[in-house]
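Whatever order the structure lists them in is the order used to number ligands and atoms, beginning at 1. Computation of the quantities below employed the complete heavy-atom set of this structure, encompassing side-chain atoms and omitting hydrogens, waters and symmetry-equivalent molecules.
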Amino acid sequence: MRIVVLAGGIGGARFLRGLKAAAPDAEVTVIGNTGDDIHLFGLKVCPDLDTVMYTLGGGINEDQGWGRSDESFTVKEELAAYGVGPEWFGLGDRDFATHIVRTQMLAAGYPLSAVTEALCARWQPGVRLIPMSDDRVETHVAVEVEGERKAVHFQEYWVRLRASVEAEAVVPVGAEQAKPAPGVLEALAEADVILFPPSNPVVSIGTILAVPGIREGIAEAGVPVVGLSPIVGGAPVRGMADKVLAAVGVESTAAAVAEHYGSGLLDGWLVDTADADSVERVQSAGIRCRAVPLMMTDVQTAAEMARAALALAEEVRA
Ligand code: FO1
């Protein structure tokens, strides 16, 4: 079975670990969000691609859900000693190696998709990880700080500001000019099922859908598209998705996120048992809905969720 998954960071990566356990023989292609990418110290950092690669490759810092395990921060300390910032983004020594190799290959002319393939040759994530685009897309957030309205890079909003100020707009800069990376549209056309894991609907999945051609590719695939709610009981399971959902006028409920994606895209939607009362509302939006446990406490619970998503896809296909 060929499965295509649109993934952002931590939620997407943890879901993928469950999917691999639930469908070990499936051929999984991950279309990774690159809107979170940031250029620091002359290096290109791809947080969501690295989170998927490290999580599935066994190198992730499990508690954080990002960055490497067994990390040290000597390079970061030395940069700070030179007064070279920013200090608010925690890049570890092992993680720096990934960004050095990536930047070196990009400078040699390799596209991001080829670089990602090369990095994955070491990590063997067990899925094919393709960036949504080889073109530069960077999400910026319009905020008002001390009466001054300005746009900050998503990472500054997320990490330095901790999403503590209202996001007035979330803009994936460059998305309109971006093209799907090689293999993305082909994977969608050949898919048997397409999954939206519990990633951030705005800055992760929303950014992938903003690349012209991808939303159409999903709709034209003519196969079941099933998503899992990142919102449980009116609050994000992790992260601060509610902050960016507000920016696009979507209430932080499992049903509202399903309606936001729309029945033109989604055939099925899983909500947590805590939101069983919203099944009716989602179904009346033309999206098949089931309530199952959606808390990914370990690989087994994530595998159960993946099984439920695949089962719903078969129900929709019938
Ligand atoms: N998130 C934080 O909250 N603090 C950090 O210092 C931080 C550093 C970091 C370094 C590399 C990387 O790949 C991810 C990092 N993240 C950090 C997470 C990152 O902001 C988010 O994972 C994604 O961008 C959103 O999913």
Side-chain angles (χ1 to χ4, degrees), residues 5-16 30-57 59-77 79-80 85-103 112 115-116 119-120 123 125 129 131-132 136-141 152-164 167 170 172-173 196-208 230-231 236-245 247 296:
V5 182
L6 274 61
I10 302 161
R14 287 187 173 159
F15 173 77
L16 282 161
V30 179
I31 300 174
N33 171 42
T34 59
D36 291 6
D37 292 2
I38 183 167
H39 288 78
L40 292 174
F41 314 113
L43 301 172
K44 182 174 175 85
V45 179
C46 300
D48 280 359
L49 297 181
D50 291 348
T51 287
V52 170
M53 183 173 74
Y54 291 157
T55 300
L56 300 185
I60 196 76
N61 174 315
E62 193 60 44
D63 299 339
Q64 283 176 174
W66 51 266
R68 282 293 316 280
S69 51
D70 309 321
E71 256 307 6
S72 53
F73 293 89
T74 306
V75 173
K76 182 173 180 344
E77 286 155 17
L79 287 163
E87 293 193 33
W88 46 264
F89 198 73
L91 286 174
D93 297 327
R94 294 180 188 276
D95 201 25
F96 263 112
T98 299
H99 313 316
I100 291 168
V101 172
R102 175 183 293 119
T103 306
L112 182 61
V115 175
T116 304
L119 295 172
C120 286
W123 289 101
L129 177 58
M132 65 189 198
R136 183 167 174 171
V137 179
E138 286 193 13
T139 299
H140 281 63
V141 182
V152 294
H153 187 284
F154 170 75
Q155 292 299 346
E156 181 170 0
Y157 175 72
W158 204 249
V159 177
R160 190 176 71 78
L161 297 174
R162 285 256 160 268
S164 58
V170 176
V173 177
F196 289 12
S199 287
N200 189 305
V202 179
V203 294
S204 294
I205 294 178
T207 303
I208 298 170
I231 303 289
V237 171
R238 188 189 169 89
M240 302 162 274
D242 48 331
K243 301 283 184 173
V244 289
L245 280 166
M296 288 188 286

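- Remark: ligand 1 atoms within the under-4.0 Å shell around heavy atoms of Trp88 are 6 (O).
- For atom 13 (O) of ligand 1, the nearest non-hydrogen atom of the protein is Pro47 CA, 3.2 Å.
- When non-hydrogen atoms are compared, ligand 1 lies under 4.0 Å from the side chain of Arg162 (C-beta onward) but not from its backbone.
- A donor-acceptor pair under 3.5 Å is formed between the side chain of Ser69 and the backbone N or O of Gly59.
- Not one N or O on the side chain of Ser199 forms a donor-acceptor pair closer than 3.5 Å with the backbone of Gly11.
- Lys76 places a side-chain N or O within donor-acceptor distance of the main-chain N or O of Glu87, the cut-off being under 3.5 Å.
- At the shortest separation from atom 10 (C) of ligand 1 among protein heavy atoms lies Phe89 CE2, 3.3 Å.
- Numbered from 1 in the order shown, with element, the atoms of ligand 1 that lie under 4.0 Å from a heavy atom of Asp36 read 23 (C), 24 (O), 25 (C), 26 (O).
- Residue-level proximity to ligand 1 for Asp95 is carried by the side chain, the only part with a heavy atom below 4.0 angstrom.
- In terms of protein heavy-atom proximity, atom 22 (O) of ligand 1 is nearest to Trp66 CB, 4.2 Å.
- Using bins of under 30°, 30° to 60° and over 60° for the plane-to-plane angle, the ring pair Phe41/Phe96 lands in the tilted bin.
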Self-check item: Steps toward side-chain contact (heavy atoms from CB on, under 4.5 Å) verdict (Arg162, Lys243)
Solution: CA-CA 10 Å; Arg162 285 256 160 268; Lys243 301 283 184 173; over 6 Å; no
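- Each of the following atoms of ligand 1 lies closer than 4.0 Å to a heavy atom of Asp48: 23 (C), 25 (C), 26 (O).
- Counting protein heavy atoms only, atom 19 (C) of ligand 1 is closest to Gln155 OE1, 3.6 Å.
- For the pair His99 (side chain) and Gly42 (backbone), a donor-acceptor distance under 3.5 Å is absent.
- Nearest protein neighbour of atom 6 (O) of ligand 1, counting heavy atoms only, is Gly90 N, 2.8 Å.
- Among residues at least two apart or in separate chains, salt bridge (charged side-chain N to carboxylate O under 4.0 Å, His left out) pairs with a member in residues 88-103 are Asp50-Arg102.
- Remark: the backbone N or O of Asp36 is paired with a side-chain donor or acceptor of Gln155 at under 3.5 angstrom.
- The nearest heavy-atom contact from the protein to atom 4 (N) of ligand 1 is Val159 CG1, 3.4 Å.
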